[in-house]
**Q** 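After the structure tokens below, expect a handful of questions from me.
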Amino acid sequence: MDRENIHLHCNKTTYLTNETIWFKGYIIEKKESKLNFQTTNVFVRLVDNQNTEISNQLFYTANGIVEGKIKINENLPSGDYFLQTYTNYMNNFFENEATNQKIKIINVQDKSIVNTNSKNQLSVNFAFEGGSLLYQTNNNIGVSIKNCFGRGQKLSNIEVKNSKNVVVNSFSTNQEGFGKFELKNIENETYRLIIPNNEEALTKELPRPVIEGINLHINNYAIEGKVVVKINTNETTFNKNKNKNYSILIQKNDYANYVDFILDQPFKELFIEKNSLFEGINIIRLLDSELNSISERVIYNVNENSTKLNLTSTVKTKESLNIKASIPNKIGNFSITVLPKNTKSNYNYNNIQTNLGFKNYFDSEDFDAAYYFTNFNKRKAFELDLMLLHVKESKYNWSRILNDAPKPTHPFDMGITVTGKINQNVPNKQNTKLRLFSINGIEESTEIKGDNSFEFQNIMAVDSSTLYFSLIKKDDKLESLSIYSKLENTNRKFLKAFNYQKPICEEITFTKNLYDSNFEFPKLEGVYELKDVDVIQAKKVKLERRGEYGNSMAKGYKIDDTEAGTFRDVLSFIASHGYDVSQQAGQVTIRARYATSLMGSRTPIVFLDNVQLQDFTFLLNMNLNDIDEIYINKRGYGMGSDGANGSIRIYTKKTTAFKEKPNQIKSKPIVVKNGFQPYTDYENPKYLIHSGEAFENYGTIDWIPNIYTNEKGEFEFSTPHFGQKEVTINIQGIDNNGQLYNENFVIEVK
């Protein structure tokens with residue numbers, strides 16, 4: 001079963017609550033590492049660091065690309081949030097294939113406080129190459145030291161002492177907090193680290209050695225073109241396994257190479273050609289003759305022939321930058337964000353290279369992979385291997401690979417499925433079809449099943465749009481229709497747990513701003529901070545049909561965006577204005593809440609565009625966005641005996657899709673809820689000024705989601721610079737061979 005992974009390139013990574021998250025997603029088929037053209041339904045979920053869901057929206061994907069936006073709720077508290085991106089198909093796998101990308105959202109009513117009081121709390125973790133600290137062998141031990149913020153600590157002169165308090169080795173950690181040392185032919189005793197920590201040293205004990213085992217040591221950077229594989233064991237283990245058959249398996253996805261050997265000595269060294277490795281992550285396992293995994297090591301093989309993305313020219317004008325770039329002899333697809341040079345947004349932690357080429361092979365995200373891939377060289381290769389020493393195994397368990405193949409119990413969604421049942425007798429079904437259509441171009445028809453049920457598949461239904469059904473005979477004659485329908489796959493949940501390990505200390509905390517003005521964040525046009533507000537006169541809304549059909553005796557409502565956003569649909573509006581509305585088996589009932597006659601039915605008379613409705617089912621799922629005015633006359637004044645229980649007059653907008661009188665219309669509507677989010681063009685925030693520290697830290701200059709190269713690999717784009725001295729340009733994308741690109745450029749403007 002093919003797997004897919006998704007990366008979202010966002011226009012920023014630090015947002016304010018008066019902003020919108022804009023993104024472009026790249027969906028790859030994991031085995032080939034190329035864009036997955038099959039995917040159509042992608043969910044983007046915004047959660048806080050407690051996994052509380054803020055929003056979950058469905059986006060349409062085409063040719064492996066998804067674009068969209070998420071409006072930030074202005075009442076969100078400041079803190080870390082996550083964009084979890086997934087498809088329903090990912091639920092088939094035991095492993096978590098979703099992508100969780102951390103962003104920061106800051107409430108503009110807050111002010112930030114940098115925490116300088118970390119109390120120098122250090123956390124220390126060990127990693128034993130090959131899996132265990134093994135008695136009477138040489139062992140490589142990795143060490144990770146982090147402060148309470150979760151950041152690596154660069155320390156030197158860390159001593160390793162045995163139980164007799166003798167220093168047997170010493171080492172240092174790099175800026176990411178990783179280090180390594182060797183213990184030769186260790187005894188069955190306790191070793192400990194003495195870690196300098198200001199004035200008071202920290203002592204950390206290693207676990208006691210295990211008596212039996214086989215360790216696997218890998219070195220893929222010491223010898224040019226070779227991978228050195230060392231198999232270490234002790235006499236006790238060797239005597240039990242002497243001359244047995246073993247294999248070294250090199251695996252990535254569904255590709256594998258292997259080397260067989262016989263364990264004929266306690267220490268064995270193999271030299272494997274580096275061209276036996278695969279590009280990127282490689283999992284190297286030591287297997288016995290029964291295919292049991294004895295030891296495992298994860299390494300990274302860098303593609304030294306990868307193409308470099310280059311800026312070939314930059315032309316500066318008074319208002320903009322015109323930039324040309326290229327990836328020679330490749331065809332690429334890119335997205336570009338332009339920010340002030342000193343922006344608080346940081347693309348080092350989450351970018352397309354680290355997410356789709358690295359992190360998607362591990363469960364843990366407790367590392368800054370971008371550090372290693374920026375200005376990659378031999379030293380960075382060593383440090384990357386040092387970090388991977390702490391990854392005890394990939395997220396793909398060997399036993400599960402062999403014995404627990406995934407089963408396709410969750411469908412690969414392609415569009416939205418509409419199902420339902422016709423609640424009336426449909427004679428001559430073979431000559432009658434059910435038609436589904438909408439004003440935005442959907443036009444489908446389907447057969448009616450023997451039990452009057454139906455199904456439409458692969459429908460591109462946009463959220464809040466209206467779908468219409470009609471029965472149509474072979475002679476194209478419309479038939480009356482009573483129908484029940486629903487949307488099947490618009491709200492897929494992701495079944496894997498979301499785990500986030502919060503650091504012990506917060507680097508930045510937030511508190512409410514106590515001043516009248518907050519100068520920490522940039523101001524937007526049309527937004528004013530008012531100390532006192534006096535309402536002099538409320539604007540009166542003119543009702544156009546007040547004088548028609550006794551509407552002067554009724555309470556009139558002009559349906560604006562506020563009303564349309566408050567109530568789901570027309571029936572919800574009626575229910576909130578004095579009537580009981582119920583629905584059963586697709587039939588709608590409207591009743592007054594008190595009787596005006598002993599023999600009355602309590603049912604008001606309802607008009608749509610001055611035509612009386614005999615069947616209220618026509619109002620089912622009618623969107624308020626299509627309505628102009630509603631008049632409710634609870635006493636029925638001016639309506640005679642027919643209006644004893646009141647009257648309701650509904651007027652549609654002049655641009656609405658209803659062209660015929662309702663007693664002539666044979667179609668029934670359904671409003672799409674949780675459908676595909678509509679595409680909208682990017683809109684830059686309208687700042688009052690584009691200068692000062694607030695804009696430099698949090699401002700946005702431009703977001704260009706769609707850039708394609710020509711056949712030579714060349715592309716160009718223009719962006720405003722808003723008078724900045726320097727701007728940062730982040731370009732991410734993928735080419736036709738599946739190579740991933742993440743490049744940051746600082747462009748001098750003045």
Side-chain angles (χ1 to χ4, degrees), residues 31-33 127-132 134 137-142 180 182 213-234 237-238 241-306 357-358 361-362 372-373 376-399 401-402:
K31 293 178 184 178
E32 298 299 327
S33 296
F128 307 106
E129 186 172 20
S132 60
L134 185 58
T137 63
N138 296 342
N139 288 261
N140 291 329
I141 297 102
K180 182 173 74 171
E182 184 181 26
I214 304 175
N215 278 353
L216 180 68
H217 296 175
I218 305 293
N219 187 326
N220 70 320
Y221 51 83
I223 302 177
E224 189 75 24
K226 301 284 186 181
V227 179
V228 182
V229 179
K230 297 179 180 179
I231 297 95
N232 284 342
T233 188
N234 52 31
T237 308
F238 175 70
N241 298 278
K242 185 177 180 179
N243 293 326
K244 287 186 177 180
N245 294 318
Y246 288 86
S247 298
I248 297 295
L249 180 76
I250 304 169
Q251 181 222 338
K252 180 182 181 182
N253 301 335
D254 56 342
Y255 298 101
N257 290 317
Y258 65 95
V259 176
D260 294 331
F261 68 94
I262 296 173
L263 189 66
D264 52 6
Q265 57 190 40
F267 173 80
K268 194 171 185 69
E269 193 170 60
L270 304 175
F271 295 90
I272 298 175
E273 296 295 328
K274 207 162 189 178
N275 58 17
S276 296
L277 300 181
F278 306 103
E279 182 182 340
I281 290 293
N282 286 250
I283 305 164
I284 301 182
R285 295 185 174 95
L286 172 64
L287 306 179
D288 65 16
S289 58
E290 302 298 320
L291 295 182
N292 297 307
S293 180
I294 308 302
S295 184
E296 182 176 320
R297 180 77 154 84
V298 180
I299 66 172
Y300 191 87
N301 182 37
V302 177
N303 178 12
E304 296 179 353
N305 298 317
S306 61
F358 194 86
Y361 287 91
F362 309 109
Y372 304 97
F373 295 106
F376 194 84
N377 52 33
K378 286 188 175 181
R379 181 179 65 83
K380 288 284 186 76
F382 172 80
E383 290 185 300
L384 177 61
D385 192 69
L386 192 60
M387 185 270 284
L388 286 173
L389 181 61
H390 289 262
V391 180
K392 296 179 176 60
E393 61 180 21
S394 79
K395 70 181 178 185
Y396 301 104
N397 177 272
W398 176 246
S399 176
I401 289 174
L402 292 184

**Q** At their closest point, which heavy atom of Gly280 faces which heavy atom of Lys252, and how far apart are they?
**A**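 Between these two residues, the closest heavy atoms are CA-NZ, 4.2 Å.
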
**Q** Report the distance from atom CZ of Phe238 to atom CG of Asp264, rounding to the nearest 0.5 Å.
**A**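 Between atom CZ of Phe238 and atom CG of Asp264 there are 6.5 Å.
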
**Q** Measure the CD1-CZ distance between Ile248 and Arg297 for me, rounded to the nearest 0.5 Å.
**A**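 These two atoms lie 12.5 Å from each other.
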
**Q** Using 0.5 Å steps for rounding, measure from the CG atom of Asn245 to the CG atom of Leu287.
**A** 12.5 Å

**Q** Please check if the side chain of Asn292 supplies one atom and the backbone of Asp288 the other of a donor-acceptor pair under 3.5 Å.
**A**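 Absent.
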
**Q** Is Glu269 close to Val228 at the side-chain level, that is, under 4.5 Å between some pair of heavy atoms?
**A** yes

**Q** For the CZ atom on Phe261, are there more than 12 heavy atoms of other groups (residues, nucleotides or ligands in this structure) within a distance under 6.0 Å?
**A** yes

**Q** NZ of Lys230: more than 12 outside heavy atoms within 6.0 angstrom?
**A** no

**Q** Kindly give the heavy-atom pair with the smallest separation between Glu273 and Gly225, and that separation in Å.
**A**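 Minimum heavy-atom contact is OE1-O, 3.7 Å.
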
**Q** For the backbone of Ile299 and the side chain of Asp385, can you confirm whether one donor and one acceptor N or O come within less than 3.5 Å of each other?
**A**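 Between the backbone of Ile299 and the side chain of Asp385 there is no qualifying donor-acceptor contact (under 3.5 Å).
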
**Q** Measure the spacing between CD1 of Ile401 and CD1 of Ile283 and express it to the nearest 0.5 Å.
**A**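 Result: 6.5 Å between the selected atoms.
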
**Q** Are side-chain heavy atoms of Phe271 and Val227 found at a separation under 4.5 Å?
**A** no

**Q** What is the minimum heavy-atom distance between Leu249 and Ala256, and which atoms define it?
**A**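 Shortest heavy-atom contact: CD1-CB, 4.0 Å.
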
**Q** Closest approach of Asn219 and Ala222, non-hydrogen atoms and distance?
**A**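 Asn219 and Ala222 have their closest heavy atoms at OD1-N, 3.0 Å.
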
**Q** Return the minimal non-hydrogen interatomic distance between Ser276 and Asn257, and the atom names on each side.
**A**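 That closest heavy-atom pairing would be O-ND2, 2.8 Å.
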
**Q** Indicate yes or no for a side-chain donor-acceptor contact from Trp398 to the backbone of Ile294 under 3.5 Å, with no hydrogens or angles considered.
**A** no

**Q** Would Asn139 and Thr137 count as having a side-chain donor-acceptor pair, cut-off 3.5 Å?
**A**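 Per modelled atom types, Asn139 and Thr137 side chains form a pair under 3.5 Å.
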
**Q** Apply side-chain hydrogen bond (donor to acceptor under 3.5 Å, both in side chains) to Tyr221 and list each qualifying residue two or more places apart in sequence or on a separate chain.
**A**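 Listed in chain order: nothing, the list is empty.
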
**Q** Would you check, one step at a time, whether the test side chain to side chain contact (heavy atoms under 4.5 Å, CB included) holds for Ile231 with Tyr246?
**A** CA-CA 11 Å; Ile231 297 95; Tyr246 288 86; over 6 Å; no

**Q** So, Tyr372 versus Phe358, ring centres under 6.0 angstrom or not?
**A**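 No, the ring of Tyr372 stays outside the 6.0 Å limit from the ring of Phe358, centre to centre.
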
**Q** For a side chain to side chain contact (heavy atoms under 4.5 Å, CB included) check, start with the C-alpha distance between Tyr396 and Gln251, then their side-chain angles and the critical distance, and finish with the verdict.
**A** CA-CA 11 Å; Tyr396 301 104; Gln251 181 222 338; 5.7 Å; no

**Q** Quick check for you: to the nearest 0.5 Å, what is the distance between Phe128 atom CZ and Leu134 atom CG?
**A** 11.5 Å

**Q** Just by distance, do the side chain of Glu296 and the backbone of Gly131 share a donor-acceptor pair under 3.5 Å?
**A** no

**Q** Before giving the answer on side-chain hydrogen bond (donor to acceptor under 3.5 Å, both in side chains), spell out for Tyr361 and Asn253 the whole-Å C-alpha distance, their side-chain angles and the decisive distance to 0.1 Å.
**A** CA-CA 10 Å; Tyr361 287 91; Asn253 301 335; 3.1 Å; yes

**Q** What pairs with Ser399 under side-chain hydrogen bond (donor to acceptor under 3.5 Å, both in side chains), at least two apart in sequence or on another chain?
**A** Asn403

**Q** Could you walk me through whether Val229 and Val259 satisfy the side chain to side chain contact (heavy atoms under 4.5 Å, CB included) test, starting with their C-alpha distance in whole Å, then the side-chain angles of each, then the deciding distance to 0.1 Å, before giving a yes or no?
**A** CA-CA 11 Å; Val229 179; Val259 176; over 6 Å; no

**Q** Looking at His217 and Asn138, what are the two nearest heavy atoms and their distance?
**A**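 Nearest heavy atoms, His217 then Asn138: CE1-O, 3.4 Å.
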
**Q** Given Tyr300, which of Phe278, Phe373, Phe362 fulfils the ring-ring contact (aromatic ring centres under 6.0 Å, His included) condition?
**A**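 Single ring-ring contact (aromatic ring centres under 6.0 Å, His included) partner of Tyr300 among Phe278, Phe373, Phe362: Phe373.
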
**Q** Quick check for you: to the nearest 0.5 Å, what is the distance between Met387 atom CE and Leu389 atom CG?
**A** 11.0 Å

**Q** Using the side chain to side chain contact (heavy atoms under 4.5 Å, CB included) criterion, which residues pair with Asn301? Sequence neighbours excluded.
**A**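 Here the qualifying residues are Lys274, Leu277, Asn282.
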
